[in-house]
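Quick notes on the structure that follows.
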Amino acid sequence: PAALAQRANEAYGRGEHAAAVADARAALALDASSALAWRVLGSALDSLGQAEEALPALCRAVELDPAEWKAWNNRGAVRLGLCLYAEALE
């Protein structure tokens, strides 16, 4: 599962967002406690224009690993994009 999450992260970094989503979902099917996989899933979904689906994934990443600053950042950006201004500050 960790290798799949890392592969998803690398795909996301290369801009291969659909591949990142697929790998992140595969990783989560094996280990739903992977903050990295949740963060990559949310970030990639947002990049694909699916912000409403991205938000719960990013929230889960923050819950699982409060030190995951990229998840906090991306969650705030998604909330801002969805006009959830008060929530974006959380």
Side-chain angles (χ1 to χ4, degrees):
L4 277 171
Q6 185 56 40
R7 189 169 79 181
N9 191 43
E10 291 168 4
Y12 178 76
R14 291 189 303 270
E16 299 170 3
H17 301 124
V21 168
D23 284 344
R25 285 186 171 147
L28 291 167
L30 297 172
D31 178 10
S33 68
S34 171
L36 174 61
W38 283 111
R39 193 245 308 154
V40 172
L41 177 61
S43 300
L45 286 169
D46 183 48
S47 293
L48 292 169
Q50 300 173 36
E52 289 182 3
E53 191 176 346
L55 186 55
L58 292 166
C59 288
R60 186 68 181 134
V62 168
E63 289 170 8
L64 289 168
D65 184 0
E68 173 58 86
W69 68 268
K70 290 180 182 178
W72 283 94
N73 180 73
N74 295 352
R75 184 181 74 170
V78 167
R79 285 177 169 172
L80 186 62
L82 293 172
C83 300
L84 302 172
Y85 302 120
E87 292 91 341
L89 298 174
E90 297 175 358

Quick one: list whatever passes side-chain contact (heavy atoms from CB on, under 4.5 Å) with Ala57, sequence neighbours left out.
-> Trp38, Leu41
Looking at CG of Leu36 and CG of Leu64, how far apart are the two atoms once the value is rounded to the nearest 0.5 Å?
-> 11.0 Å
Pairs satisfying ring pair (Phe, Tyr, Trp, His ring centres under 6.0 Å), at least one member in residues 9-28, at least two apart | Tyr12-His17
Sequence neighbours excluded, which residues qualify as side-chain contact (heavy atoms from CB on, under 4.5 Å) partners of Ala32?
-> none
Determine the minimum heavy-atom distance between Val21 and Leu48, stating which atoms define it.
-> CG2-CD1, 3.9 Å
Here the pair of heavy atoms bringing Val40 nearest to Ala20 is CG1-CB, 4.0 Å
Leu82 versus Ala51, closest heavy-atom pair with distance | CD2-CB, 3.9 Å
Which heavy-atom pair separates Ala61 from Ala35 by the least distance, and what is that distance?
-> CB-O, 3.6 Å
Who pairs with Glu16 by side-chain contact (heavy atoms from CB on, under 4.5 Å), at least two apart in sequence or on another chain?
-> Ala11, Arg14, Ala19
Tell me the ring pair (Phe, Tyr, Trp, His ring centres under 6.0 Å) pairs involving residues 49-77, sequence neighbours left out?
-> none
Salt bridge (charged side-chain N to carboxylate O under 4.0 Å, His left out) pairs, two or more places apart, involving residues 66-79 = Arg39-Glu68, Arg79-Glu90
With Asp31 via side-chain contact (heavy atoms from CB on, under 4.5 Å) - residues at least two apart | Pro1, Ser33, Ser34
What pairs with Gln50 under side chain to side chain donor-acceptor pair (under 3.5 Å), at least two apart in sequence or on another chain?
-> none
Just wondering, do Leu84 and Leu55 contact through their side chains at under 4.5 Å, heavy atoms?
-> yes
What residues, two or more places apart in sequence or in another chain, satisfy salt bridge (Lys or Arg N to Asp or Glu O under 4.0 Å) together with Glu63?
-> Arg60
With sequence neighbours excluded, residues passing salt bridge (Lys or Arg N to Asp or Glu O under 4.0 Å) with Asp46 | none
Please name the pair of heavy atoms, one in Ala8 and one in Ala24, separated by the smallest distance, quoted to 0.1 Å.
-> CB-N, 3.5 Å
In chain order, what residues pass the salt bridge (Lys or Arg N to Asp or Glu O under 4.0 Å) check against Glu53, with sequence neighbours excluded?
-> Arg25
Taken in chain and number order and not counting sequence neighbours, the residues that satisfy salt bridge (Lys or Arg N to Asp or Glu O under 4.0 Å) with Glu87 are none
